[in-house]
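What follows is a short report on a single structure.
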Amino acid sequence: MTIANEIGHFAMRHSGARSRNDTQTTAGRLGLEAKKEESEARRFAAMFLAPNDLLSSTDTVEEIVDRFGLSFEAAMIRKGEFDAFQRRASGQRRELPSVVVDYLKAAQKRGMRLRTDLD
């Protein structure tokens, strides 16, 4: 994962060296751009190590861990990316979490106008 992550930085032409010195705080050494680049590189690494054509919609995170030798965190990232890819390819929208739907329905009852359909 680490090597694939670094390949991702190179492939996406991320600029600058990122200090990984333990004496510095994460917030101090990583600006917003660096955090974005690190997220992109992690996602690239997970996709590089577990490509779409080797995954199926029925794969679980645990199966991805076992088959590709990824960490649980990397497999979770990959599962999320793959599920999103599948939804976009089929034109489906991601469902809102039930707590969000409940909150929006309560707000709607109080007279708030919503720009989304909750049905």
Side-chain angles (χ1 to χ4, degrees):
M1 185 68 176
T2 301
I3 293 169
N5 183 302
E6 295 306 320
I7 291 170
H9 284 298
F10 177 77
M12 291 182 269
R13 301 176 191 248
H14 292 162
S15 61
R18 304 293 182 228
S19 172
R20 287 174 171 70
N21 185 342
D22 289 338
T23 61
Q24 295 175 324
T25 66
T26 301
R29 75 181 146 92
L30 294 179
L32 291 177
E33 185 63 25
K35 286 181 182 180
K36 177 182 169 233
E37 288 179 358
E38 198 55 43
S39 174
E40 290 173 347
R42 274 195 310 273
R43 289 179 18 234
F44 171 92
M47 291 173 115
F48 180 80
L49 296 171
N52 281 352
D53 59 334
L54 298 180
L55 292 172
S56 77
S57 59
T58 60
D59 286 338
T60 65
V61 173
E62 291 80 10
E63 290 170 335
I64 294 170
V65 167
D66 291 341
R67 190 166 348 128
F68 297 101
L70 297 178
S71 69
F72 191 79
E73 178 187 7
M76 283 181 43
I77 291 169
R78 188 63 191 110
K79 175 72 173 149
E81 289 288 322
F82 183 74
D83 289 349
F85 173 80
Q86 293 287 86
R87 278 193 310 274
R88 285 190 301 271
S90 67
Q92 293 177 337
R93 298 184 83 172
R94 184 173 64 177
E95 290 185 27
L96 292 172
S98 60
V99 295
V100 172
V101 172
D102 293 345
Y103 173 81
L104 291 173
K105 284 182 178 180
Q108 193 174 34
K109 285 181 183 177
R110 291 190 309 269
M112 294 284 281
R113 289 184 44 184
L114 302 181
R115 295 191 305 180
T116 187
D117 185 20
L118 297 176
D119 295 325

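Reckoned from all heavy atoms, side chains included, excluding hydrogens, waters and symmetry mates.
- Atoms CZ and CD, from R93 and E95 in turn, are 11.5 Å apart once rounded to the nearest 0.5 Å.
- Hydrophobic clustering places F44 together with L54 (ILVMFWY residues linked when any side-chain heavy atoms are closer than 4.5 Å, directly or through intermediates).
- Following chains of ILVMFWY side-chain contacts shorter than 4.5 Å, one cannot reach F72 starting from L70, and the two form parts of different hydrophobic clusters.
- Around atom CE of M1, more than 12 heavy atoms belonging to other residues, nucleotides or ligands sit under 6.0 Å away.
- Side-chain polar atoms of H14 and E40 form a donor-acceptor pair below 3.5 angstrom.
- Summarising the geometry, atom CZ belonging to F68 is positioned 13.0 Å from atom CZ belonging to F48; distances are rounded to the nearest 0.5 Å.
- Applying the 6.0 Å contact sphere to CD of E73 captures no more than 12 heavy atoms from other residues, nucleotides or ligands.
- R43 and N5 form no side-chain donor-acceptor contact under 3.5 Å, judged by distance and modelled atom types alone.
- The backbone N or O of T60 lies less than 3.5 Å from a partner atom in the side chain of E63, making a donor-acceptor pair.
- Under a 4.0 Å N-O distance rule, the pair K79/D83 qualifies as a salt bridge.
- Within 6.0 Å of atom CD1 in I3, 12 or fewer heavy atoms from other residues, nucleotides or ligands are found, so the atom counts as exposed in its surroundings.
- Taking CD from E81 and CZ from F85, the interatomic distance works out to 11.0 Å, rounded to the nearest 0.5 Å.
- Remark: side-chain polar atoms of R78 are not paired, donor with acceptor, to backbone N or O of I64 under 3.5 angstrom.
- Cluster membership check: L114 shares its hydrophobic cluster with V101, using side-chain heavy-atom separations under 4.5 Å among Ile, Leu, Val, Met, Phe, Trp and Tyr.
- A46 and I77 make their closest contact through CB-CG2, 4.2 Å (heavy atoms, listed as atom of the first residue, atom of the second, distance).
- In this structure, CZ in R67 is found 13.5 Å from CG in L49, a value given to the nearest 0.5 Å.
- In this structure, a donor-acceptor pair under 3.5 Å is present between the side chains of E38 and H9.
- Rounded to the nearest 0.5 angstrom, L104 CG and L96 CG are separated by 6.5 Å.
- Remark: the backbone N or O of Q86 is paired with a side-chain donor or acceptor of S90 at under 3.5 angstrom.
- The structure places CE of M47 at 10.0 Å from CZ of F82, a figure rounded to the nearest 0.5 Å.
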